[in-house]
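Structure record follows, encoded as structure tokens.
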Number of protein chains: 2
Amino acid sequence: MSDEELSAFELEVLQHLWHLEQASTPELHRRVCNVRDVKYSTVRTIVDRLERKQAIERIAQQGRAQVFRPLLSKAEVSLPMTRKFVDRVFAGDSRPLLSHLLDSATLDSRDIAYLESVIARRKSELDDND
Amino acid sequence: MSDEELSAFELEVLQHLWHLEQASTPELHRRVCNVRDVKYSTVRTIVDRLERKQAIERIAQQGRAQVFRPLLSKAEVSLPMTRKFVDRVFAGDSRPLLSHLLDSATLDSRDIAYLESVIARRKSELDDND
DNA sequence: AGTCTTCTTCTACAAATGTAGATATACGAA
DNA sequence: TTCGTATATCTACATTTGTAGAAGAAGACT
């Protein structure tokens with residue numbers, strides 16, 4: 001079930017689709033080109049691979065261009081990828097990553113208030129023997 | 001400067017080296033085999049690639065076995081990889097990852113106390129206009 | 001209707017990755 | 001000192017990934 005690995009480039013295109021909700025291949029090509037220069041057929045190949053991996057689906061035709069939308073939600077992608085990443089890079093222990101992010105992320109007061117509330121909850125849920 | 005990408009398998013072997021501080025190829029093979037079954041020459045290939053990427057170096061000979069040690073620290077590997085991961089999977093915004101980890105990580109009271117202190121510091125460092 | 005464009009589809013290809021076999025060789029034991 | 005075995009080295013190969021060209025076809029413009 002959608003458990004194929006997604007490559008860096010595939011993720012890049014999927015990000016655009018998440019952002020746009022849906023998009024044609026030419027549109028995706030333009031978006032990618034805003035960042036770096038790649039040929040249309042390159043992007044098209046990535047789109048095909050995403051479709052084969054059932055990460056996106058065709059939903060319409062705009063002129064001769066096909067329109068796609070994501071089949072996988074951000075969470076469906078990011079949760080398993082995060083697990084794998086933590087396993088690979090942090091030997092399964094997410095705490096160093098957590099503390100690094102807490103230290104380095106750009107956070108405004110609202111973010112901080114939210115994080116405080118999550119920590120407060122985690123604290124209240126502690127077993128006595130922790 | 002050590003800016004090559006490290007593959008999943010290369011990271012796995014490097015994790016063992018970080019843990020052991022140094023190890024011979026046969027030792028690494030044994031460790032990897034504790035988890036899944038791979039041939040000696042497979043591990044040896046990975047070790048060679050790590051050496052070519054200057055992620056590890058030979059430091060000794062034990063009988064006919066060569067002993068290696070990491071040349072890259074955990075931080076030297078995990079910091080750039082984390083940046084790339086956040087870019088790819090979270091479009092550069094680490095906050096969703098942060099809150100997911102804060103929510104899901106296994107934390108004892110000591111961990112929580114530490115995280116509280118980091119948040120307190122971040123809070124105290126807030127600009128007024130944040 | 002004819003032509004120009006723009007997309008699609010197919011094919012290709014080098015590099016990286018995971019995986020392993022074959023062959024040579026140096027240690028260590030007998 | 002010889003021999004068996006554990007290691008090293010080298011070669012190989014399928015798959016995935018990033019990248020793109022060629023050829024055909026469907027819309028759009030005149």
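Here is the naming used below: chain letters follow the sequence lines, and residue numbers restart at 1 for every chain. Below, all heavy atoms of this structure are taken into account, side chains as well, without hydrogens, waters or symmetry copies.
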Original post:
Among the nucleotides C/dT5, C/dT17, C/dT19, which one has an atom lying closest to any side-chain atom of B/Thr42?
Top reply: C/dT19

**OP:** Report the distance from atom CG of B/Leu28 to atom P of C/dG18, rounded to the nearest whole Å.
**Re:** 16 Å

**OP:** Taking all heavy atoms of A/His100 and all of B/Thr82, pick out the closest pair and write down the distance.
**Re:** CD2-CG2, 4.2 Å

Subject >> Listed nucleotide nearest any side-chain atom of A/Glu10, set C/dT19, D/dT17, C/dG28 >> reply: D/dT17

Original post:
Phosphate oxygens OP1/OP2 of D/dT9: is one of them under 4.0 Å from a side-chain N or O of B/Arg44?
Top reply: yes

Original post:
To the nearest angstrom, how far is A/Leu6 atom CG from D/dT17 atom P?
Top reply: 8 Å

Original post:
Between C/dT19, D/dT9, D/dG18, which one does the side chain of B/Arg36 approach most closely?
Top reply: C/dT19

Original post:
Closest to the B/Lys53 side chain: D/dT9, C/dT19, C/dT17?
Top reply: C/dT17

Original post:
What's the CG-P distance between A/Leu50 and D/dT16, to the nearest Å?
Top reply: 15 Å

**OP:** Check whether any side-chain heavy atom of B/Arg88 lies under 4.5 Å from a side-chain heavy atom of A/Met81, and answer yes or no.
**Re:** no

**OP:** When you get a sec, tell me which of D/dG18, C/dC7, D/dT19 is the closest nucleotide to the side chain of A/Arg64?
**Re:** C/dC7

Original post:
If you check every side-chain atom of B/Ser41, which of C/dT19, D/dT19, D/dT9 has the closest atom?
Top reply: D/dT9

**OP:** Quickly work out the A/Glu12 CD to D/dT19 C1' distance and round it to whole Å.
**Re:** 13 Å

**OP:** By nearest nucleotide on DNA chain D, pick out whichever of A/Phe9 and B/Phe68 is the more 5' one.
**Re:** B/Phe68

**OP:** Assign A/Thr45 to base, sugar-phosphate, or nothing according to its heavy-atom contacts below 4.0 angstrom with the strands shown.
**Re:** base

Original post:
Of the nucleotides D/dT9, C/dG18, C/dT9, which has the atom closest to the A/Gln66 side chain?
Top reply: C/dT9

**OP:** Assign B/Arg58 to base, sugar-phosphate, or nothing according to its heavy-atom contacts below 4.0 angstrom with the strands shown.
**Re:** sugar-phosphate

**OP:** With the side chain of A/Arg49 defined as its heavy atoms from C-beta on, choose the nearest nucleotide among D/dA20, D/dT19, D/dT7.
**Re:** D/dT19

**OP:** Using atom CG of A/Asp37 as one end and atom P of D/dG18 as the other, report the distance to the nearest whole Å.
**Re:** 17 Å

Original post:
Does the pair A/Arg69/A/Glu57 count as a salt bridge with the N-to-O cut at 4.0 Å?
Top reply: yes

Original post:
Which listed nucleotide (C/dT17, D/dT5, D/dT17) is nearest to the side chain of A/Ser7?
Top reply: D/dT17

**OP:** Can you label the angle between the A/Phe85 ring and the A/Phe90 ring as parallel, tilted or perpendicular, going by 30° and 60°?
**Re:** perpendicular

Subject >> Ionic contact status for A/Arg49 with A/Glu10, cut-off 4.0 Å >> reply: no

**OP:** Rounded off to whole Å, could you give me the CG-to-C1' distance for the B/Leu14 and C/dT17 pair?
**Re:** 16 Å

Original post:
Above 12 or not: heavy atoms from other molecules or residues under 6.0 Å from CD of A/Glu21?
Top reply: no

Subject >> Of A/Lys39 and A/Gln61, the one whose closest DNA chain D nucleotide lies more 5' >> reply: A/Lys39

Original post:
For the pair made of CD in B/Glu5 and P in C/dA15, what is the distance, rounded to whole Å?
Top reply: 17 Å

Original post:
Expressed in angstrom and rounded to an integer, what is the separation of B/Asp48 atom CG from D/dT11 atom P?
Top reply: 13 Å

